[in-house]
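Data first, discussion second: the structure below is written as structure tokens.
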Amino acid sequence: MSIATFLFIFWTCLCNISQCWRNETVLLAAIEKHKKIMFGAGNLHHSADESERRTLPPIKSASDKYFLESLGEYIQHEKERLMCPDEGPDEQRYIIYSSAFDKVIEYATAYKTILTSIKKEYDEFICAIKKSECDAKLAHGKLKAMVAQPTSLMYCQRRAVQLQERIAIIQRDTAELQAELNRLQESRRVKRPSLHQKTSDSKTLRPVGQIPGLTFDESMNPAALAKHLEYLERKRDDLQIKRRSQYVSVSVKDDLDNKMRSALDQRDELAVENERLQLRYKKMKFLNDSLMTWEKTGKEVTLLEFITSKLENIFHLKMSDTDFLGISAVVFEEDDPSKVNESELLVDYIERFIDLFEGGEYEAAAFHAAKSPHGVLRNMETMERFKAVTVYQGQGELPPLLLFFQALMISVHAGKQLPGETLSVEGVRCAMQLNYVELVTHWVTQKRLTYSEALGDVICEHGDRKPRMADTCLALAHIVYKACGVLRKAALSMCKRGMTSSTMEFIYQSKGFTAGDCLFVLKGCPSLALLQALTQEYQGQPAVLSLGFACHALLNSDLEDLALQMVEKTHSSGQGTLEKVILDDTGCSAENWGEIAGCCGQKNKPLLAQEILSILLSQSGAMCLSPGIESSELMQHVFM
């Protein structure tokens with residue numbers, strides 16, 4: 001490169017770099033310093049503008065011309081791409097010309113040292129300019145903060161004065177309220193005025209407003225006032241007569257309630273005692289009949305041996321309803337004086353119920369029916385009467401049907417004189433439809449219902465309709481199913497609550513739990529965890545289901561995905577695990593395992609199907625009848 005070309009390019013880059021910053025005075029001073037080096041002392045009288053207008057000397061080298069053109073194109077392309085302004089300082093334009101300067105330094109190897117030192121000095125100047133601008137901004141911000149500090153202090157002082165004034169107002173109001181409170185407390189301590197003073201005060205006339213029941217004109221008319229006074233006096237006399245004849249004190253009702261509770265408690269005690277005596281009578285009668293039989297048989301065995309054998313049967317005797325009625329009708333009918341008027345009392349009791357029911361007093365009628373003697377009104381007919389009532393006073397109150405069931409459950413004792421199965425189911429259905437789950441919870445836990453499978457189904461159906469109450473309903477259904485012996489549904493209700501471990505414990509503790517019951521639970525609540533628990537040992541006890549039997553049953557119940565997941569999990573649990581399971585599976589035949597393998601092939605699991613088939617074919621007594629078919633048919637599979 002010629003010296004003229006190099007100096008021209010170098011001078012162009014320096015001038016453009018200097019235009020990229022606001023503080024051009026320092027940079028121009030540096031440029032003048034280096035002009036002496038590049039152009040000589042004789043040319044110092046030329047200004048920067050005159051230098052920029054210098055014409056390009058002739059460039060003889062083709063490489064220099066190509067480099068100069070490529071450098072110009074690079075600068076122009078970068079300026080357009082970064083959208084640099086034509087005039088004024090700009091950071092992007094400084095970066096472009098700085099990069100161009102670096103390219104000149106790399107190209108002019110002979111002048112690299114001096115050019116590098118010159119660029120370094122320019123970079124230091126520019127860094128100093130940036131730092132000075134940053135310091136100037138920081139100093140300007142501090143100056144503004146110092147200028148605004150007195151104003152902020154003034155505002156804070158003004159706000160403090162306002163808050164002090166508010167505190168003073170609050171303290172003054174608090175003192176006034178405390179004084180008013182003390183005055184009211186002092187006035188309460190003063191004794192009340194005497195009766196004579198009250199009477200004299202009541203006789204003093206005070207101005208009143210409009211009299212209720214009269215217009216303003218009638219209130220000013222003496223004749224209308226006298227007439228209204230006579231009406232009020234008659235009304236007062238009627239109320240006093242009703243108070244003396246139709247009303248009693250609340251204490252009388254409390255006394256009657258206490259007497260009724262005492263009578264009911266005494267009735268329950270006598271009923272328990274009566275049942276004990278009836279059982280004793282039955283045992284004595286059984287013993288007497290046995291002795292008479294012994295005498296008729298000719299006394300072939302000794303009396304001691306005969307009595308010993310019969311005593312074992314006596315200990316297992318229990319009272320039934322038929323025995324109770326037979327004993328009462330035959331033995332105690334003549335000694336019971338209430339039998340004479342019992343029919344009349346029942347008729348009166350039923351008539352009283354009809355009067356209450358037709359008079360719209362449904363709550364009283366419900367309790368009257370619930371406490372009926374011998375349960376004559378605790379039946380489905382009475383329930384249908386209350387169910388037919390759709391319009392009643394106080395629509396926001398409980399419906400008559402629910403009032404009947406509530407009274408029925410209150411009147412019965414736990415485990416005694418329970419309503420029948422149908423009545424219990426209808427009562428729970430009614431409470432569930434009205435979203436009174438707490439009532440059903442109380443009835444079930446306090447044993448006020450006759451447990452049945454239908455009752456548990458009603459509770460479970462409500463849990464299915466109301467997901468928020470599902471857990472409570474399943475817990476109640478479990479109590480019902482367990483009490484009535486429906487073990488499969490009791491286990492299913494536990495499993496639906498996510499209690500897999502408790503379900504397994506319940507299954508192993510229940511002696512009557514069969515493999516069909518386990519499949520019922522698995523199909524009702526299909527889950528991989530439950531299937532795995534049912535097909536594995538539990539606390540040293542054998543599994544209730546074999547893997548092949550369970551998976552084959554699931555294939556026939558449209559749950560093949562769950563079955564294949566279990567088989568695949570067993571296969572992936574370790575090498576040889578699936579083979580051991582198949583060989584030890586006495587509950588599933590080779591044909592069934594072949595069907596499982598065929599299902600694996602249909603579900604795009606060819607490796608698993610091939611593994612099962614290879615295990616089956618490897619056993620003695622097994623052979624592949626058609627090697628060309630994917631699902632090979634197997635003959636007898638002998639488990640070793």
Side-chain angles (χ1 to χ4, degrees), residues 257 261 264 353 356-372 375 377-484 486 489-490 492-494 496-499:
D257 291 339
R261 281 193 292 269
L264 291 175
F353 166 74
L356 292 173
F357 188 85
E358 292 180 352
E361 301 179 16
Y362 298 114
E363 186 174 4
F367 278 97
H368 192 77
K371 297 178 181 179
S372 60
L377 294 176
R378 294 195 296 269
N379 49 37
M380 293 298 295
E381 289 76 10
T382 307
M383 190 269 297
E384 292 296 337
R385 275 177 170 267
F386 283 97
K387 189 176 182 179
V389 179
T390 56
V391 180
Y392 52 91
Q393 294 181 353
Q395 293 290 331
E397 300 176 357
L398 296 179
L401 182 59
L402 187 58
L403 288 174
F404 170 69
F405 286 120
Q406 191 174 9
L408 193 64
M409 303 307 170
I410 292 173
S411 61
V412 301
H413 294 274
K416 297 180 182 179
Q417 299 179 353
L418 298 177
E421 286 188 14
T422 307
L423 207 57
S424 299
V425 171
E426 291 297 330
V428 170
R429 181 179 286 112
C430 174
M432 288 296 188
Q433 289 176 353
L434 298 173
N435 293 325
Y436 283 95
V437 183
E438 63 278 2
L439 280 179
V440 179
T441 304
H442 177 74
W443 297 344
V444 172
T445 55
Q446 297 301 318
K447 300 179 181 179
R448 302 296 176 89
L449 299 167
T450 300
Y451 296 148
S452 62
E453 184 177 359
L455 179 62
D457 294 341
V458 170
I459 298 175
C460 285
E461 289 174 2
H462 182 76
D464 296 337
R465 291 193 301 269
K466 304 285 185 179
R468 294 176 57 186
M469 305 301 300
D471 189 73
T472 302
C473 292
L474 289 173
L476 296 176
H478 173 74
I479 297 174
V480 174
Y481 289 139
K482 185 178 179 181
C484 62
V486 187
K489 290 189 177 181
L492 179 59
S493 61
M494 295 177 66
K496 286 183 177 179
R497 297 175 65 195
M499 303 169 63

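Both backbone and side-chain heavy atoms feed into the values below; hydrogens, waters and symmetry mates do not.
The aromatic rings of Phe353 and His368 sit parallel to each other, their planes meeting at less than 30°, with 60° as the upper class boundary.
Listed for the Tyr362 side chain is no donor-acceptor partner under 3.5 Å among the backbone atoms of Leu401. Side-chain atoms of Tyr436 do not come within 3.5 Å of backbone N or O of Cys430 as any donor-acceptor pair.
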Legend entry - Verdict with reasoning, Met432 to Ile459, per side-chain contact (heavy atoms from CB on, under 4.5 Å): CA-CA 8 Å; Met432 288 296 188; Ile459 298 175; 4.0 Å; yes
Inset, instruction - List the steps, then state whether side-chain contact (heavy atoms from CB on, under 4.5 Å) holds for Val428 with Phe405. - result: CA-CA 9 Å; Val428 170; Phe405 286 120; over 6 Å; no
Legend entry - Pair Phe357-Phe386, ring pair (Phe, Tyr, Trp, His ring centres under 6.0 Å): steps then yes or no: CA-CA 9 Å; Phe357 188 85; Phe386 283 97; 5.1 Å; yes
Legend entry - Derivation and outcome, side-chain contact (heavy atoms from CB on, under 4.5 Å), residues Leu439 and Leu434: CA-CA 11 Å; Leu439 280 179; Leu434 298 173; over 6 Å; no
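In terms of heavy atoms, Ala407 sits closest to Ala370 at O-CB, 3.4 Å. For the pair Leu398 and Leu402, the tightest heavy-atom approach, listed with the atom from each and the gap, is CD2-CD2, 3.8 Å. Taking both residues in full, the closest heavy atoms of Thr450 and Leu455 are given as O-CD2, 3.8 Å, listed atom of the first, atom of the second, then distance. Across His462 and Cys473, no two heavy atoms sit closer than the pair CD2-SG, 3.7 Å. The shortest heavy-atom contact between Leu418 and Lys447 is CD2-O, 3.4 Å. The two residues Leu356 and Ala365 come nearest to each other via the heavy atoms CB-CB, 3.9 Å.
For NZ of Lys489, the number of neighbouring non-hydrogen atoms (other residues, nucleotides, ligands) closer than 6.0 Å is greater than 12.
Expressed to the nearest 0.5 Å, how far CZ of Arg448 lies from OG of Ser411 amounts to 8.5 Å. The CD atom of Glu421 sits 10.0 Å away from atom CD of Glu453, with the distance rounded to the nearest 0.5 Å. With values rounded to the nearest 0.5 angstrom, Arg378 atom CZ is found 7.0 Å from Leu408 atom CG. For the atom pair His478 NE2 and Lys496 NZ, the distance stands at 14.0 Å (nearest 0.5 Å). Interatomic distance, Leu476 CG to Met469 CE, rounded to the nearest 0.5 Å: 8.5 Å. In this structure, CG in Leu449 is found 11.0 Å from CD1 in Ile479, a value given to the nearest 0.5 Å.
By the salt bridge (charged side-chain N to carboxylate O under 4.0 Å, His left out) test, Arg385 is found to be paired with no residue, residues two or more places apart in sequence or in another chain being considered.
Using a 4.5 Å heavy-atom cutoff, the side chains of Pro419 and Ser424 are in contact. Side-chain contact between Lys387 and Glu426 is present, with heavy atoms from C-beta onward closer than 4.5 Å. Between Tyr481 and Asp457, some side-chain heavy-atom pair lies under the 4.5 Å cut-off.
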